[in-house]
Amino acid sequence: MSRFGKHQLHELYYYLKLTRSLEEELARLFRAGKLSGALPISTGQEALSLGATYPLRAQDVLASAVPCNTALLARGVTPFEILTHFMARRGSPSGGRDGSIQFCDLKRGLVAPTEHPAAHVAVMAGVAFAAKVQRKDWVALALVDERALATGDFHEGLNFASVHQLPLVVVIEKKPLDPAAAAYVAPAGQNHYERLKAYGLPTVMVDGNDVLQVLQVVEAALERARIGKGPSVIEARTAGRTRFSMREDILAVWPASAQRFPEAGADEPGEGQRKLAFEDRELNDPVDQFEAFLIEHAQMRPAEQKEILARVTKLIAEDVRRAEEEPPPASESPTTGVYDRGSNVPVRLAE
Amino acid sequence: MSRFGKHQLHELYYYLKLTRSLEEELARLFRAGKLSGALPISTGQEALSLGATYPLRAQDVLASAVPCNTALLARGVTPFEILTHFMARRGSPSGGRDGSIQFCDLKRGLVAPTEHPAAHVAVMAGVAFAAKVQRKDWVALALVDERALATGDFHEGLNFASVHQLPLVVVIEKKPLDPAAAAYVAPAGQNHYERLKAYGLPTVMVDGNDVLQVLQVVEAALERARIGKGPSVIEARTAGRTRFSMREDILAVWPASAQRFPEAGADEPGEGQRKLAFEDRELNDPVDQFEAFLIEHAQMRPAEQKEILARVTKLIAEDVRRAEEEPPPASESPTTGVYDRGSNVPVRLAE
Amino acid sequence: MAEITYLEAIREAMWEEMERDPRVLLLGEDIGVYGGAFKVTQGFLERFGRERVIDTPISEEGFTGVAIGAAYMGLRPIVEFQFIDFIANAFNMITNFAAKSRYRWGVGVPLVLRGPTGGGVRAGPFHSQNPEMHFVHTPGIKVVVPATVHDAKGLMKAAIRDEDPVLYLEHKYLYRRIKEELPREDFVVPLGQAIVRRTGSDIVLITYGAMLYVALEAASSLEREGIDLEVIDLRSLVPLDRETILASVRRVNKVMILHEDTRTGGMAGEISALINEEAFEDLDGPILRITAPDTPVPYSAELEDAFIPQVADVIDAARRLAAY
Amino acid sequence: MAEITYLEAIREAMWEEMERDPRVLLLGEDIGVYGGAFKVTQGFLERFGRERVIDTPISEEGFTGVAIGAAYMGLRPIVEFQFIDFIANAFNMITNFAAKSRYRWGVGVPLVLRGPTGGGVRAGPFHSQNPEMHFVHTPGIKVVVPATVHDAKGLMKAAIRDEDPVLYLEHKYLYRRIKEELPREDFVVPLGQAIVRRTGSDIVLITYGAMLYVALEAASSLEREGIDLEVIDLRSLVPLDRETILASVRRVNKVMILHEDTRTGGMAGEISALINEEAFEDLDGPILRITAPDTPVPYSAELEDAFIPQVADVIDAARRLAAY
Ligand SMILES: Cc1ncc(C[n+]2csc(CCOP(=O)(O)OP(=O)(O)O)c2C)c(N)n1
Ligand SMILES: Cc1ncc(C[n+]2csc(CCOP(=O)(O)OP(=O)(O)O)c2C)c(N)n1
Ligand SMILES: [Mg+2]
Ligand SMILES: [Mg+2]
């Protein structure tokens, strides 16, 4: 811990709290029917997402299939952008066209996955390849969920990166036990970082709930990649919830979603009593954990904490207000933007 | 060797010579412009293909992406069928529709790959799965070339087989050094059987030039699979030629192919002096090797050998004659056979 | 008898076929322990066990291959794509292995590929697609698109009993939004039979899937202004019921085709060409296509509503064509 | 200047663009050490080195993804599929990652996807396919199909310089069978421009790719019996040159469409529907489609010749239409 200055520790705390506060607002907006689709919260995954992103330099590139609001914030994305994105408002970065968990903005080093578990691993190998052949020093960082390891995409991407010794770091999130886990990747029970040694690259496991541990391990992997030593893989155990338990939670806390999206199938919309992950005190919450750590080690005085939380509250309040004022996208020309200069986009109706 | 009776040894020898003789005829027919497409010879791969197939029982199922005339013969396919297949004649098993290296005939335990390196690995996992859930005792055997290991298909198929502990045996053929090999599967230089241990299954390497060694190792793997112990992987080193050097050979020995298939690109069709693999005395020929072994160990007397060769000559001569008499497919109804009972196949021209 | 939903009809069809035929089994992501993302298969694992309800790894190409191999060896697998969009990941296996097997070797692949299609639920570009044309254009696959609760059940049973690979496209928007009372006895809706949902004399509107409801609503509205629509629900895209289409066209003489899928290379083009070839003399006006524009499916409600053809779009087109 | 082949034109275009623009690079199986299965890239490795001529593992989905990432970061990759059939293995990456990127985020993917298409060379069901419609029906991809040596070069250069993913379909039958002398100076054939290859007054025959030669041969033959064909070579399928098509249709009034791809869901349907919509009044007869039947590509010479449209098929159809 000695290697982290107080400023850094406070910044990390700021991002964790900013995320939590933002996601509480997202949950509120979702309950009020103001999000366009699903509820994108990352409870239990914040330490991983922040620890992996924080050591990135400006020129580095991130693609995450793991919920990553924390990572986006740490990359300089504003709460306003994230809010309008999930509310699908006009001023959002995609203009309401996309609803993924990540943005694509190359100037900020962000590549958006396609909502396939590992297609972005190959794409990020390409990002890393471009650094190698152009003698640039960016590193590509790809975050995946563990079930991605069963996909051919994952292997094709990692194999290419390994063949060419590319500056790619892959972080695999592993969540607490999934009752169907034995069906996913063989042999069951083996750690992923162990099985991926077959690719002849360094692999390691970290506690994904501990932001400082993640940060240090990812930083070392990035450095290694940057100086030409090739790709590596990190497995991180988090307290995150699987998408399925998330979905159950959401349907449970917000019966209205069953009316709005009946296709999602809430058979017992009346349950209504369950809590969202971050409302659940059972959770081994990485945000609380880091807060306790800072206080215990006398790295954050009450006044400092108060100041940080005040900044969080102010920014979120301001951005929520602005986001709620943002109009929906204009639907005049649904077909522009498919090709460069909008070439050859046929109209919808026969004239 | 003691475990093999003379009868078996002679049968193996018979299949090896039958293949060689058949392929000499195929080369002759190819040179005479009588094959429909490429020249399907398996020189250097016969020991692997026979050793892997010979221990199969009637109920077992084979799919091979490795040239496998020997395997087909050992499964009871006749030279006539193979000849008419590659000549694309009416009486061939596919009626001239298909030109792959293997047949699909479930009654004889044959599944034809699609000419993709490893798509059949997943399909054969399905064949094995069907044995498991129906409490049947067949085993699925899939042969692949080594470059298949880079494909997502290979991993998805093997992972499924391993998750469900299915009766699947995968044999990987590795040929002598390919100048671009480092580009294929990471880490370069590692043996495949070693890297695939990651799937938590037994893997082993054999000398693919030694028919008896292949036979014994595959037999053990099949047995293991049959009694419910799950999948395994065998890596076999052979004297086979890569497809590219084969192609060069063919263009070189048969300049006419450059006229017939200019798209294949024979830049110097005049070379003309090179030999096909089996005409090349440099080759570490598994057929010659087995012959020498039998003679050295006094397992085949000259009279016995003569009798075997006479049977080979007679059968090949007879089947070549019949194949050459076989008419081309009838083209009256190009669309039948796409669906069961030919339902809903639109005609080609507007009526 | 109680009314059931479209989703329940799919589930009942699979359930009854699994009871009837021990060869039928299910493969897909999260279909067992979790009962499926949309809960289509809830309770199946408990009833039919782990060997007939298989939670697969995320590997669409791989488990589709597994299903093909199982189909070769006497089983009749039903493969679920959690969202049909992910069929893109099994494209090679379906179009090359499954579709060509019978033609190459006379070896059929009795296999059902199913999953939720289409938009309208704000699910964005990767969970809202309509992939039918990739398979309509692949000889060897059949493609069905039930629009009603009755057809959802009857087409599923027909698909399971068919000897060829059948792509069964269920519209997620319909899952719990439509209900119907079904016959108690076993029934199938044969593949390849379209149905006239509404007879009319001014314009034939040919459609399929969830667009049927847009078509019928537009037809009711247009009736009030004296434009009388005949509405055909194709139900099967392959085999295509040319007879039903052509019979209506020959009687009514004006045609519109409506689908949720994008325009260029869509089914409407194929049907338009067919009608032009076969019934050119019978046409009293151009064949109009009403489709989504050539873009990915947008995420926001406003953009998605502009993307998916609406009742007003059909009404506009009908007025133009009626005036022709 | 010497004549060069269609294959040499492709190779020259790539070579010159690689000389001109250091961002251009090649990825594909066996394109480096072996110079490519058809030797299109022979000599490239020696000239441009291992970092611009990349021998990939057999993993089409993976290396297409790599190309997308590289395109994001300032490079302009050209991806070779050894046979275009294997694009099926990269279907997800192309249709979901590359095609949707600009629409979702305004981030273009300057990428060329190329490979040998088509039949006529007895290569069987897995090395003879025509995959254009899967991509014509995917918003976000452009699709070009050069039929001449000149266009092979000019369209390749245009594709490389384009800011969007372009699928460049080269017909392997033409590789070494056609020759032409090309201008010495740099030129492009802009995407989206069809060309009238032959003017005529009785029937417009619209085609593309290797079928151009079937069309022209049929036209010469029909001329002798007094049937005068206009022949349009589309060159680009996306963007489609509607103006050139419609101008000919409005003048000539009868239309046939010819392609090597299979019929149902093929390009002919799309064009027929377009003409029907836009020029219904100008049609003096049905629009006839001449295409391969809905089957995989057969292996034997006799079956393949029956599968691929022949000059006689065009002549038959033209006689029927002329008599209409
Ligand atoms: C190619 C593909 N197939 C299926 C899906 C649907 N899908 C989305 S998330 C998911 C489960 C992911 O599991 P895991 O990686 O463990 O993440 P977790 O649910 O634990 O967050 C599935 C099957 C998908 N997005 N892409
Ligand atoms: C999906 C797919 N991509 C590409 C090809 C083209 N192809 C056929 S064989 C081959 C090389 C195979 O190499 P290897 O496995 O080493 O076999 P060898 O040439 O040594 O026999 C390639 C690239 C293919 N058949 N399928
Ligand atoms: Mg999980
Ligand atoms: Mg090799």
Side-chain angles (χ1 to χ4, degrees), chain C residues 60-61 85-96 99-100 103-104 124-126 129 131-140 237-238 240 257 261-281 283 285-289 293-296 298-299 324, chain D residues 60-61 85-96 99-100 103-104 124-126 129 131-140 237-238 240 257 261-281 283 285-289 293-296 298-299 324:
Chain C
E60 286 78 5
E61 171 95 349
D85 309 64
F86 305 128
I87 203 169
N89 298 61
F91 185 78
N92 174 56
M93 196 60 84
I94 297 169
T95 61
N96 282 317
K100 295 185 172 63
Y103 179 79
R104 294 169 71 201
F126 303 107
Q129 298 177 73
E132 55 264 34
M133 289 314 290
H134 299 300
F135 304 98
V136 168
H137 189 53
T138 299
L237 303 184
V238 178
L240 184 66
I257 309 161
D261 189 12
T262 56
R263 187 184 197 77
T264 300
M267 193 67 198
E270 177 60 31
I271 295 171
S272 172
L274 172 74
I275 293 171
N276 187 301
E277 274 163 348
E278 303 288 333
F280 180 73
E281 289 293 328
L283 286 176
I287 300 169
L288 298 189
R289 292 184 285 175
D294 289 326
T295 78
Y299 179 58
Y324 194 90
Chain D
E60 286 78 6
E61 170 96 348
D85 309 63
F86 305 128
I87 203 168
N89 296 63
F91 185 79
N92 174 54
M93 197 59 86
I94 297 169
T95 61
N96 282 318
K100 296 185 173 63
Y103 179 80
R104 294 169 70 201
F126 304 106
Q129 297 177 73
E132 56 264 34
M133 289 314 291
H134 298 300
F135 304 98
V136 167
H137 190 54
T138 299
L237 303 185
V238 179
L240 184 66
I257 310 163
D261 189 13
T262 55
R263 186 184 197 78
T264 300
M267 193 67 198
E270 176 60 30
I271 295 172
S272 172
L274 172 74
I275 293 171
N276 187 302
E277 273 163 349
E278 301 289 333
F280 180 73
E281 289 292 328
L283 287 176
I287 301 170
L288 298 190
R289 293 184 284 175
D294 289 326
T295 77
Y299 179 57
Y324 195 90

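Both backbone and side-chain heavy atoms feed into the values below; hydrogens, waters and symmetry mates do not. Here is how names work: the chains are called A, B, and so on, in the same order as the sequence lines, proteins then strands, and each is numbered from 1.
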When the 4.5 angstrom heavy-atom criterion is applied to D:Leu283 and chain C, the contacting part is both
Ignoring hydrogens and geometry beyond distance, is a side-chain donor-acceptor pair present between D:Asn92 and C:Glu60 at under 3.5 Å?
no
What distance do C:His134 atom NE2 and D:Thr138 atom OG1 have between them, rounded to the nearest 0.5 Å?
4.5 Å
Ranked by heavy-atom pairs below 4.5 Å to chain C, first place among D:Pro298, D:Pro125, D:Gly285, D:Ala279 goes to D:Gly285
Closest-packed option against chain C by number of heavy-atom pairs under 4.5 Å, given D:Ile275, D:Leu274, D:Val136, D:Thr262
D:Thr262
Provide the closest heavy-atom pair for D:Thr264 versus C:His137 in the form atom of the first, atom of the second, distance.
O-ND1, 2.7 Å
Specify which of C:Gly269, C:Ala99, C:Pro139 makes the most heavy-atom pairs with chain D at under 4.5 Å.
C:Pro139
Looking at D:Ile271, D:Ile94, D:Ile257, D:Asp261, which one has more heavy-atom pairs under 4.5 Å with chain C than the rest?
D:Asp261
Mind checking whether C:Phe91 and D:Phe91 have parallel, tilted or perpendicular rings, split at 30° and 60°?
parallel
Given heavy-atom pairs under 4.5 angstrom as the criterion, report whether the side chain, backbone, both or neither of C:Phe135 touches chain D.
neither
Test item: D:Arg289 and C:Glu277 side chains (from C-beta on) under 4.5 Å apart, heavy atoms
yes
Run the numbers on D:Gln129 and C:Thr95 for side-chain contact (heavy atoms from CB on, under 4.5 Å), then give the verdict.
CA-CA 11 Å; D:Gln129 297 177 73; C:Thr95 61; 5.8 Å; no
Are the side chain of C:Glu270 and the backbone of D:Gly265 linked by a donor-acceptor contact shorter than 3.5 Å?
yes
